[in-house]
Engineer: 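Have a look at this one.
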Amino acid sequence: ARGLDFAERRVLISAGPTFEDIDPVRFIGNRSSGKMGFAIAHAAARRGARVMLVAGPVSLPTPDDVQRIDVRSAAQMHAAVLGQLPADVYIGAAAVADYTPREPAAIKLKKRPGQDTLTLELVRTPDILAEVAAHAQRPRLVVGFAAETDRVAEYARGKLVAKKVDLIAANRVGVAGCGFESDDNALSVLWPDGGCELGPAPKGELADALLDVIARHWASR
Ligand code: C5P
């Protein structure tokens with residue numbers, strides 16, 4: 001029994017994909033379902049936290065006792081997350097686009113006879129996780145996710161250092177039964193001087209296990 005070990009803690013969570021508009025009918029998205037972030041929001045609320053969930057475009061119901069802000073693009077997610085600081089814990093579980101079209105077209109792009117290729121110019125989006133970790137109102141614990149297809153632990157450890165976060169939860173995507181769209185997942189959780197493996201398990205169970213790790217880190221700071 002975990003009881004209400006997150007009572008009175010303000011937990012800010014981002015979840016889901018972002019959609020970056022190309023024109024009024026097309027966008028660049030990704031395969032994040034939002035299930036992991038929503039499961040963490042649900043578990044944190046059950047453990048007594050005051051949970052704010054910033055959700056990209058997903059069709060998932062809001063867990064009980066969770067407040068929710070819906071956004072579409074990386075720019076909107078950035079504004080919503082920073083607008084919700086201060087918080088005690090930030091968990092960046094969203095799959096934020098790294099690049100977005102420089103200027104979405106106001107009207108639908110048409111294919112032209114003889115035009116066999118089309119080049120879209122993309123610009124970098126703000127790194128929400130790194131900004132939260134460097135913010136004047138930095139939450140006591142900042143937790144990032146890393147979805148990798150290969151060299152999972154190596155890339156995740158690099159992210160931990162580069163983004164100056166306290167914990168990185170890394171999952172392997174592109175493997176059947178894990179990661180995006182799946183109900184199950186397995187996480188390698190890393191911190192500067194250690195790490196642990198969680199799962200494979202249903203995302204609900206994994207959410208509680210990740211919160212256990214967060215609670216231990218909270219206590220030791
Ligand atoms: O570098 P990478 O995108 O793989 O890092 C993943 C982590 O960074 C996730 O926690 C994700 O939510 C966060 N992120 C972000 N803003 C971005 C890109 C990634 O917050 N623009």
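We count ligands from 1, going down the list as the structure has it; atoms in each ligand are counted the same way.
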Engineer: How far is atom 4 (O) of ligand 1 from its nearest protein heavy atom, and which residue and atom is that?
Structural biologist: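 In this structure, atom 4 (O) of ligand 1 has Lys159 NZ, 2.4 Å as its nearest protein heavy atom.
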Engineer: What protein heavy atom is closest to atom 9 (C) of ligand 1, reported as residue, atom name and distance in Å?
Structural biologist: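 Its nearest protein heavy-atom neighbour is Phe145 O, 3.0 Å.
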Engineer: Under 3.5 Å, is there a donor on one side chain and an acceptor on the other for Glu20 and Ser73?
Structural biologist: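 The criterion, which ignores hydrogens and geometry beyond distance, is not satisfied for Ser73 and Glu20.
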Engineer: Using 30° and 60° as the class limits, which term best fits the ring planes of Phe19 and Phe27: parallel, tilted or perpendicular?
Structural biologist: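 If you compare the ring of Phe19 with that of Phe27, the planes turn out parallel.
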Engineer: Going through the checks in order, is the side chain to side chain contact (heavy atoms under 4.5 Å, CB included) test met by Thr18 and Val71?
Structural biologist: CA-CA 8 Å; Thr18 65; Val71 298; 5.9 Å; no
Engineer: Checking a contact table here: which protein heavy atom is nearest atom 21 (N) of ligand 1, and how many Å away?
Structural biologist: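 Among all protein heavy atoms, the one nearest atom 21 (N) of ligand 1 is Pro126 O, 2.8 Å.
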Engineer: Using modelled atom types and a 3.5 Å cut-off, is there a donor and acceptor pairing between side-chain atoms of Arg140 and backbone atoms of Trp218?
Structural biologist: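 At least one qualifying donor-acceptor pair exists.
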Engineer: Is it the case that one hydrophobic cluster holds both Leu210 and Val66, taking links as side-chain heavy atoms less than 4.5 Å apart, direct or via other members?
Structural biologist: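 Linked, Leu210 and Val66 end up in one cluster.
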Engineer: Any carboxylate oxygen within less than 4.0 angstrom of a Lys/Arg side-chain nitrogen, looking at Asp166 and Arg138?
Structural biologist: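 Salt bridge present between Asp166 and Arg138.
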Engineer: Heavy-atom distances under 4.0 Å decide this one: backbone, side chain, both or neither, for Ala95 against ligand 1?
Structural biologist: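 None of Ala95 does.
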Engineer: Have a look at Ile128, Thr18, Asp98 and point out the one with the heavy atom closest to atom 15 (C) of ligand 1.
Structural biologist: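 Heavy atom nearest to atom 15 (C) of ligand 1 belongs to Ile128.
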Engineer: Just to check, does Lys163 reach to within less than 4.0 Å of ligand 1 when the distance is taken from its heavy atoms?
Structural biologist: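 For ligand 1, residue contact (heavy atoms, under 4.0 Å) with Lys163 is present.
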Engineer: Looking at Arg47 and Asp5, is there a salt bridge between them, counting it only when a charged N and a carboxylate O are closer than 4.0 Å?
Structural biologist: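 Yes, charged N to carboxylate O under 4.0 Å.
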Engineer: Please report which non-hydrogen protein atom sits nearest to atom 20 (O) of ligand 1, along with the residue it belongs to and the distance in Å to one decimal place.
Structural biologist: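 Minimum-distance protein heavy atom for atom 20 (O) of ligand 1 reads Leu129 N, 2.8 Å.
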Engineer: Would you say the side chains of Thr119 and Glu121 form a donor-acceptor pair under 3.5 Å?
Structural biologist: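 Side-chain D/A pair, Thr119 to Glu121: absent.
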Engineer: Number the atoms of ligand 1 from 1 as they appear, then name those within less than 4.0 Å of a heavy atom of Gly144, with their elements.
Structural biologist: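 So the atoms of ligand 1 that pass are 10 (O).
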Engineer: With a cutoff of 4.0 Å, is Ser14 in contact with ligand 1, counting heavy atoms of the residue only?
Structural biologist: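 Contact absent.
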Engineer: Hey, does Val96 come in under 3.5 Å of ligand 1, counting only N/O atoms on both sides?
Structural biologist: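 In fact, backbone or side chain, Val96 has no N or O that close.
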Engineer: Consider every N or O of Ala93 and every N or O of ligand 1, then say whether any pair is closer than 3.5 Å.
Structural biologist: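 It does not: no N or O of Ala93 is found under 3.5 Å from an N or O of ligand 1.
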Engineer: Answer yes or no: is there an ion pair linking Asp212 with Arg2, defined by an N-O contact shorter than 4.0 Å?
Structural biologist: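 Answer for the salt bridge query: yes.
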Engineer: For ligand 1, which atoms have a heavy atom of Thr125 less than 4.0 angstrom away?
Structural biologist: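 Heavy-atom distances to Thr125 below 4.0 Å select 21 (N).
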Engineer: What distance do Leu85 atom CG and Glu131 atom CD have between them, rounded to the nearest 0.5 Å?
Structural biologist: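 CD of Glu131 is found 10.0 Å from CG of Leu85.
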Engineer: Counting only nitrogen or oxygen atoms and a 3.5 angstrom limit, does Gly92 reach ligand 1?
Structural biologist: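 Gly92 vs ligand 1: N/O contact under 3.5 Å present.
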Engineer: Could you check atom 12 (O) of ligand 1 against the protein and tell me its nearest heavy-atom contact, residue, atom and distance included?
Structural biologist: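 Scanning the protein heavy atoms, the shortest distance from atom 12 (O) of ligand 1 goes to Ala94 O, 2.7 Å.
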Engineer: Between ligand 1 and Ala74, can you find any atom pair, the residue atom being a heavy atom, that is separated by under 4.0 Å?
Structural biologist: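 Distance cut 4.0 Å: Ala74 fails for ligand 1.
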